[in-house]
Number of protein chains: 2
Amino acid sequence: MQGVTTAQPLTRGRGSRRAEILEAAAALFAARGFHGTSIEDIGGAVGTSGPALYRHFSGKEALLAEMLLDVSERLHTSAANRVTKAPDAEHALDALLTGQIEFALSHPALITVHDRELGNVPEPARRQIRRLQRLYVEEWVTVLSELYPGCPPPRLRAVTHAVFGLLNSTPHSAGELEPEAMAELLRRMARAALASVQS
Amino acid sequence: MQGVTTAQPLTRGRGSRRAEILEAAAALFAARGFHGTSIEDIGGAVGTSGPALYRHFSGKEALLAEMLLDVSERLHTSAANRVTKAPDAEHALDALLTGQIEFALSHPALITVHDRELGNVPEPARRQIRRLQRLYVEEWVTVLSELYPGCPPPRLRAVTHAVFGLLNSTPHSAGELEPEAMAELLRRMARAALASVQS
DNA sequence: CGGTGAGGTTAATGATGACTAACATCGGTA
DNA sequence: TACCGATGTTAGTCATCATTAACCTCACCG
């Protein structure tokens with residue numbers, strides 16, 4: 001009674017399975033945490049059973065590492081691009097806000113996992129993710145320090161984290177508002193919070 | 001070779017051991033997550049070995065339940081008291097801000113665990129914690145709806161969660177600023193963010 | 001048409017970890 | 001002084017889980 005029941009997939013866009021697994025895992029990790037989610041759970045969520053996962057990832061930690069690496073890369077490079085294109089600091093800040101809000105609204109699970117599970121990523125990748133996160137924060141700090149010259153960087157870092165906290169609150173207020181309205185609200189609040197910072 | 005080495009504690013304020021365990025567990029849960037922390041870890045953190053914990057709590061989940069119940073109770077009753085004492089909505093909001101900021105700055109680990117690990121609390125307690133959390137949020141929403149009449153409650157709930165996110169960012173910017181300065185900054189930003197909300 | 005490789009399957013295997021059992025110690029207290 | 005309750009200790013026990021092994025099977029390519 002072995003291997004009697006293979007059937008469905010076998011034809012699907014190249015690499016789409018990996019993406020499917022990553023997405024399912026993100027949702028599960030966000031809901032139950034890394035250690036609270038079993039390989040079996042993840043397999044189940046994509047219609048395969050447990051160990052099939054090892055055909056796509058070398059292990060559970062590697063899966064998490066790839067997920068977080070991807071997120072921090074996307075955030076950072078998107079931010080870097082936007083800032084580069086912006087004509088001045090004011091527009092740059094606007095672009096950063098747009099990017100973060102878009103991401104937070106479209107991928108709440110990734111946002112959650114991203115700031116919760118770094119500690120479970122094994123060392124080679126961990127350092128790199130941390131680096132990207134730091135670069136992303138510094139992107140904000142740089143723009144802000146142009147807008148608020150004389151405001152010490154540590155203060156600007158705290159401000160940045162506070163704004164992230166505000167924007168990343170989306171997983172908590174899921175469904176309270178339409179995405180459109182939520183985006184508007186978050187942008188307005190973040191702008192006001194930022195404007196309140198003086199040197 | 002059994003029981004040969006009992007020694008130190010045995011004399012300490014009544015119930016202080018429970019508190020000590022709760023504190024150590026909060027720090028560990030915040031750092032590694034509920035499932036990422038073992039009973040042995042918790043015991044080790046308070047100088048006893050593993051199973052000693054069962055003399056104080058009926059189990060790991062019960063420990064978490066008590067921790068979260070305590071937090072949500074403190075937040076809610078403190079808020080209710082402050083609001084009741086306040087002469088008007090403006091002062092009430094100020095008091096709510098003060099309370100949340102104080103708590104977030106003095107117990108970052110509890111804040112972290114509080115919004116991460118509810119899912120691991122077993123059912124009898126879970127419902128009660130959720131209830132207290134909801135009441136706490138409604139405390140804010142009520143005050144806000146007095147300040148912004150005509151602003152629909154769902155929007156105010158989203159606003160409240162956004163402000164919580166902002167204030168609870170403290171664990172992320174640990175050590176960037178002195179507690180005093182951080183409190184000031186958070187209050188100012190939160191106030192500005194709130195002021196930006198119109199009906 | 002035979003082979004091959006990608007992607008699945010079910011059964012180990014080995015750790016880890018929560019919880020229990022059996023036993024020890026010590027500070028009261030009768 | 002002998003007992004008792006509060007607290008610890010160590011050594012199981014039993015599940016759960018990540019990971020591996022051994023085996024299938026189909027799509028496709030020669």
Side-chain angles (χ1 to χ4, degrees), chain A residues 1-25 28-29 31-67 117 119-122 125, chain B residues 1-25 28-29 31-67 117 119-122 125:
Chain A
M1 205 64 81
Q2 258 172 338
V4 178
T5 51
T6 313
Q8 310 131 344
L10 289 184
T11 310
R12 203 177 280 264
R14 204 93 198 88
S16 93
R17 209 55 195 271
R18 277 177 75 83
E20 194 184 352
I21 292 173
L22 282 167
E23 191 180 330
L28 288 168
F29 290 167
R32 310 184 208 165
F34 180 73
H35 291 298
T37 304
S38 74
I39 288 291
E40 200 66 38
D41 291 337
I42 302 174
V46 298
T48 78
S49 242
L53 203 145
Y54 289 86
R55 297 291 172 194
H56 304 276
F57 298 92
S58 72
K60 202 187 174 191
E61 288 183 333
L63 194 169
L64 178 67
E66 177 160 334
M67 185 162 107
E117 310 288 7
N120 293 309
V121 175
Chain B
M1 204 65 81
Q2 259 173 339
V4 178
T5 51
T6 313
Q8 310 133 344
L10 292 184
T11 309
R12 205 178 280 266
R14 204 93 199 88
S16 93
R17 208 55 196 271
R18 278 176 74 83
E20 193 183 352
I21 291 173
L22 283 166
E23 193 180 329
L28 288 168
F29 289 167
R32 309 184 209 166
F34 180 74
H35 292 297
T37 304
S38 74
I39 288 291
E40 199 65 37
D41 290 338
I42 301 173
V46 298
T48 78
S49 242
L53 201 145
Y54 290 87
R55 295 297 173 189
H56 304 277
F57 298 91
S58 71
K60 202 187 172 189
E61 289 184 332
L63 194 168
L64 179 66
E66 177 161 334
M67 185 162 109
E117 310 289 7
N120 294 308
V121 175

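Just so we're on the same page: letters track the sequence lines, and every chain starts at 1.
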Starting at CZ of A/R32 and ending at C1' of D/dT16, how long is that distance when rounded to a whole Å?
14 Å
Residue closer to the 5' end of DNA chain D, A/D41 versus A/S58 (nearest nucleotide):
A/D41
Are B/K60 and B/F34 close enough that some pair of their side-chain heavy atoms sits under 4.5 Å apart?
yes
How long is the line joining CD1 of A/I42 and P of D/dT19, in whole Å?
10 Å
Which atom of B/A25 lies closest to which atom of B/L63, heavy atoms considered:
CB-CD2, 3.7 Å
Given D/dT19, D/dC17, D/dT9, identify the nucleotide with an atom nearest to the side chain of B/T48.
D/dT9
Taking the side chain of A/S49 as its heavy atoms from C-beta onward, which of C/dG8, C/dT10, D/dT19 lies nearest to it?
C/dT10
Write down the distance between CZ (A/F57) and P (D/dT20), rounded to a whole number of angstrom.
16 Å
So does B/R55 get a side-chain nitrogen or oxygen closer than 4.0 Å to the phosphate oxygens (OP1/OP2) of D/dT9?
no
For D/dG8, does either OP1 or OP2 sit under 4.0 Å from a side-chain N or O belonging to B/H56?
yes
Within this structure, what is the CD1-to-P distance between B/I39 and D/dT13, rounded to whole angstrom?
20 Å
For atom CZ of A/R17 and atom C1' of C/dA6, their distance in whole Å:
12 Å
What's A/G50 touching, base or sugar-phosphate or nothing? Going by heavy atoms closer than 4.0 Å.
nothing
Find the distance between CZ (A/R55) and CD1 (A/I21) and round it off to the nearest 0.5 Å.
12.0 Å
Tell me the interatomic distance from B/H35, atom NE2, to C/dT16, atom P, rounded to whole angstroms.
18 Å
To the nearest Å, give me how far apart CG (B/L53) and P (D/dT9) are.
11 Å
Intermediate values then yes/no, side chain to side chain contact (heavy atoms under 4.5 Å, CB included), B/N120 and A/R32
CA-CA 8 Å; B/N120 294 308; A/R32 310 184 208 165; over 6 Å; no
Using atom CD of B/E40 as one end and atom P of D/dG8 as the other, report the distance to the nearest whole Å.
14 Å
What distance separates A/S38 OG from A/L28 CG, expressed to the nearest 0.5 Å?
8.5 Å
Out of C/dT9, C/dC19, D/dG8, which nucleotide sits closest to the side chain of B/P51?
C/dC19
